[in-house]
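In what follows, a single structure is set out as structure tokens and then discussed.
Values below: every heavy atom of this structure, side chains too, minus hydrogens, waters and symmetry copies.
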Amino acid sequence: MAKHAGRLELTWTDKDKALLSAGDGRYDYTFVDRADPRVREVRLLHEVDRVEAPIPEERPDDLPEPTRENLLITGDAMHVLDALSKTPEWAQKYVGKVKLVYIDPPFNTGQAFPQYEDNIEHSIWLTMLRDRLRQIKPLLASDGSVWVHLDDAEVHRCRAVMDEELGESNFIATIVWQKAYSPKNSAKYLSVDHDYILVYAKSADAWRPNDLGRSASMDAAYGNPDKDPRGPWKPGDLLANKPYSLGRYPITTPSGRELDGPPPGRYWRVSATKLREMDADGRIYWGADGSNVPAVKRFLSDVRGAVPRTMWFYSDVGHNQTAKNEIQSLFPGIDPFATPKPERLLHRIIHVATHPNDVVLDCFAGSGTTAAVAHKMGRRWITSELIADTASAFAKPRLTRVVDGDDPGGITKSTERVAATDAGLPEMTPAEAQEFGRLLGKVAKDRDDLDPATVRALRAATRTRDETTVTWHGGGGFTHLAVGPSMYDVDEDDGDVYLSTAATNGPWSQAVAAQLRFTLTPDHPVFCGARGRQRLAVIDGVADEIVVGTVVEHLGPKERAVIVAKVVLPEAESRLAQSAPGSRIKKAPRDLFPKRTVR
Ligand SMILES: C[S@@+](CC[C@H](N)C(=O)[O-])C[C@H]1O[C@@H](n2cnc3c(N)ncnc32)[C@H](O)[C@@H]1O
């Protein structure tokens with residue numbers, strides 16, 4: 001047998017490289033070496049402001065508590081994700097803690113939208129997506145999941161990349177969302193009705209979805225004709241087709257009717273002894289007069305909710321126009337955000353994949369739907385948006401209104417159509433009641449021998465109505481952060497790297513601390529960071545003997561110094577080696593980023 005080599009993978013131009021965006025909020029990307037300091041540096045997140053509101057008194061106690069520890073971040077997801085997972089202060093809070101990542105990145109459809117360009121080359125798109133997945137992975141909780149929303153443009157390639165990055169065995173499902181309400185008659189070929197959502201778990205062994213809530217129509221099949229204190233139930237068949245050695249015996253019903261046994265080729269599901277036990281426990285129904293074939297009572301309290309399925313219809317989760325309407329009613333008078341998603345779609349995803357207070361991350365915020373819905377559902381959230389204008393025109397004001405209880409749209413109210421059947425009619429689902437009304441109207445039109453008063457009474461008895469519940473009242477808060485500037489400039493001609501004009505004083509020390517994974521120690525007069533027994537001193541200037549002397553003076557017993565300076569004199573190095581063995585001195589940027597021409 002020939003020996004095989006290689007593995008199944010999708011390849012593309014410059015797959016081994018990294019991408020840098022122009023940094024001016026546009027989709028202007030260039031491929032660079034993965035060792036490029038502008039890729040490897042950890043950017044700082046600066047606080048812009050804080051939005052907060054008290055919990056309103058009218059909020060019922062059974063709703064999840066509004067959350068406060070939430071982040072809206074303006075900046076490139078590339079820097080946001082690194083800042084969250086590599087800066088010790090953020091990493092402590094979020095590494096391994098994110099339960100759900102939902103991303104709705106630009107689809108690469110070749111269209112140009114008012115707020116962003118979507119015509120990135122496939123290889124740029126794939127590199128961008130692959131790198132974001134790599135950065136998301138350390139943030140995911142062991143029982144977390146990643147949901148990527150796409151259309152036909154990249155879904156097939158993205159699935160291959162997700163197999164590579166997250167593991168083929170962690171693939172959970174592809175959800176098909178019916179996004180279109182009506183056909184596009186201008187379609188060149190077929191009118192596309194749906195998008196895809198690829199779902200992967202961090203570990204398919206650990207991840208479990210929550211059942212969907214049961215709707216009133218599903219519950220309408222349950223009644224309680226015998227007023228069982230265990231609540232509503234519905235009759236289940238006692239007959240089975242599968243052979244069962246104890247499943248053929250005669251039964252005498254409570255009214256004295258003799259049943260010879262199950263019909264030929266069929267079996268009672270339970271043995272005679274078990275049937276007696278269940279009957280004694282009130283779990284068998286014999287019909288109103290006690291002479292029916294016995295049925296097993298299946299209690300509503302024992303059944304699970306609906307298992308989530310992969311086809312999501314707009315009647316349940318909204319369509320594209322629903323989403324546009326939601327944005328338009330929040331921001332009347334301005335051009336709506338081009339590609340929002342409906343709140344009910346996010347509600348279902350967040351419901352299936354998280355519990356209250358879990359952390360939800362969406363690093364392609366757009367109009368902020370994920371964060372808005374997560375907030376209304378009592379989840380903590382982090383969301384980031386590259387385009388500052390999009391964040392300031394849509395995501396931030398929207399989230400502020402959610403916190404202030406000033407967003408009546410989306411999932412703030414939930415409306416369910418319920419049947420108002422009574423007057424001795426059998427229980428009907430809303431759909432059945434509507435159908436009954438329709439047929440009744442049809443029959444009554446053709447027949448003049450029906451009593452109009454009876455028809456009217458039947459109509460009234462089967463009318464359906466909408467029942468509305470308010471599930472969000474406001475409260476909680478979020479911090480608005482912005483990604484700080486790069487600390488490095490690269491000479492495009494020779495590739496040499498220099499410190500940028502932003503690399504001064506406090507911001508530079510903090511960036512160096514983040515880069516070297518030191519936790520900030522802002523109150524210390526000399527050291528700006530600590531990592532185990534190491535203490536970090538960042539010098540915005542020359543490190544000489546005097547500087548080294550001061551640093552060493554402040555070291556505690558068994559502590560070692562890491563000194564980073566823009567210029568390092570030779571005598572500083574020898575003095576440090578003598579007076580604090582095990583300590584190190586680094587010249588920036590050269591010694592911060594190995595394997596590069598860095599000056
Ligand atoms: C399809 S939209 C998301 C829409 C969002 N789901 C909603 O309901 O409004 C994609 C968004 O990702 C943003 N984006 C693109 N590249 C980004 C990046 N590198 N970092 C952060 N955001 C980015 C775009 O500016 C755009 O607003």
No-hydrogen, no-angle side-chain donor-acceptor test under 3.5 Å, Ser145 and Trp147: yes
Salt bridge (charged side-chain N to carboxylate O under 4.0 Å, His left out) pairs, two or more places apart, involving residues 350-364: Lys99-Asp358
Whether Trp381 side chain and Thr370 backbone form a donor-acceptor pair below 3.5 Å: no
Sequence neighbours excluded, every pair satisfying salt bridge (charged side-chain N to carboxylate O under 4.0 Å, His left out) that has a member inside residues 564-585: Asp540-Lys566
Donor on one side chain, acceptor on other, Thr127 and Trp12, under 3.5 Å: yes
Cationic N near anionic O, under 4.0 Å, Asp76 to Arg43: no
Phe518-Phe527 aromatic ring centre distance below 6.0 Å: no
Heavy-atom donor-acceptor pair, Lys202 side chain to Leu140 backbone, under 3.5 Å: yes
Ion pair check, Glu52 and Arg68, cut-off under 4.0 Å: yes
Atom pair CZ/CD1 of Phe31 and Ile124 - distance to nearest 0.5 Å: 5.0 Å
Euclidean distance, Trp177 CH2 relative to Ile349 CD1, rounded to 0.5 Å: 9.0 Å
Nearest heavy-atom neighbours spanning Glu69 and Tyr94: O-OH, 4.0 Å
Nearest non-hydrogen partners of Glu343 and Ile411, listed with the distance: OE1-N, 2.9 Å
Step-by-step side chain to side chain contact (heavy atoms under 4.5 Å, CB included) determination, Glu165 to Lys137: CA-CA 9 Å; Glu165 296 302 324; Lys137 215 169 151 187; 5.8 Å; no
Rounded distance (nearest 0.5 Å) linking atom OG1 of Thr390 with atom CD of Glu385: 4.5 Å
Expected output: side-chain Thr521 to main-chain Cys528 donor-acceptor under 3.5 Å: yes
Heavy-atom donor-acceptor pair, Lys97 side chain to Gln92 backbone, under 3.5 Å: yes
Geometric class of the His524/His554 ring pair [parallel <30°, tilted 30-60°, perpendicular >60°]: perpendicular
Side chain to side chain, Asp33 and Val39, heavy atoms closer than 4.5 Å: no
Ile334, CD1 atom: more than 12 neighbouring heavy atoms under 6.0 Å: yes
Any donor-acceptor pair under 3.5 Å from Lys93 side chain to Leu84 backbone: no
Arg132 (side chain) donor-acceptor with Pro105 (main chain) under 3.5 angstrom: no
Inter-residue atom distance Leu72.CG - Ser384.OG, 0.5 Å rounding: 8.5 Å
Ser500 side-chain N/O to Ala502 backbone N/O, donor-acceptor pair under 3.5 Å: yes
Residues Thr479 and Arg50: side-chain donor-acceptor under 3.5 angstrom: yes
Check: Val42 main-chain N/O paired with Asp82 side-chain donor or acceptor under 3.5 Å: no
Shortest non-hydrogen contact between Gly474 and Pro66, atoms and distance: O-CG, 3.7 Å
Rounded distance [0.5 Å steps], NE2 in His79 versus CZ in Arg38: 10.0 Å
Contact summary for Ala543 and Ala572, nearest pair of heavy atoms: O-CB, 3.3 Å
Glu326 side-chain N/O to Gly409 backbone N/O, donor-acceptor pair under 3.5 Å: no
Rounded distance (nearest 0.5 Å) linking atom CG of Asp195 with atom CG of Asn320: 6.5 Å
Side-chain heavy-atom pair Val403, Phe478 within 4.5 angstrom cut-off: yes
Within-4.5 Å side-chain heavy-atom neighbours: Arg398 and Thr369: yes
From CA spacing to verdict: side chain to side chain contact (heavy atoms under 4.5 Å, CB included), Leu81, Ile136: CA-CA 7 Å; Leu81 295 170; Ile136 282 166; 4.0 Å; yes
Heavy-atom side-chain proximity of Trp90 to Ile382 below 4.5 angstrom: no
Heavy-atom check, side chain of Phe171 versus side chain of Leu166, under 4.5 Å: no
pair His122-Glu154: side-chain heavy atoms closer than 4.5 Å: yes
Which atom of Thr74 lies closest to which atom of Ala388, heavy atoms considered: CG2-CA, 3.7 Å
Trp508 vs Leu499 side-chain heavy atoms within contact, under 4.5 Å: yes
Sidechain-backbone polar pair: Arg535 side chain, Ala561 backbone, donor-acceptor under 3.5 Å: no
Verdict with supporting geometry, Gln135 and Ser85, side-chain hydrogen bond (donor to acceptor under 3.5 Å, both in side chains): CA-CA 8 Å; Gln135 291 175 297; Ser85 66; over 6 Å; no
Glu168 bridged to Arg7 by N-O distance under 4.0 Å: no
More than 12 heavy atoms from other groups under 6.0 Å of CZ on Arg533: no
Full working for side chain to side chain contact (heavy atoms under 4.5 Å, CB included) between Leu592 and Leu516: CA-CA 8 Å; Leu592 296 177; Leu516 301 178; 4.1 Å; yes
Thr87 to Ala83 - nearest heavy-atom pair and separation: OG1-O, 2.8 Å
His149 side chain to Lys341 side chain, donor-acceptor N/O pair below 3.5 angstrom: no
With Asp407, the side chain to side chain donor-acceptor pair (under 3.5 Å) member among Lys376, His375, Arg401: Lys376
Steps toward side chain to side chain contact (heavy atoms under 4.5 Å, CB included) verdict (Arg130, Glu164): CA-CA 9 Å; Arg130 187 259 330 258; Glu164 263 177 55; 6.0 Å; no
Residues Asp36, Lys17: salt bridge by 4.0 Å N-O rule: no
Pairwise side-chain contact, Asn170 with Trp207, heavy-atom cut-off 4.5 Å (strictly under): no
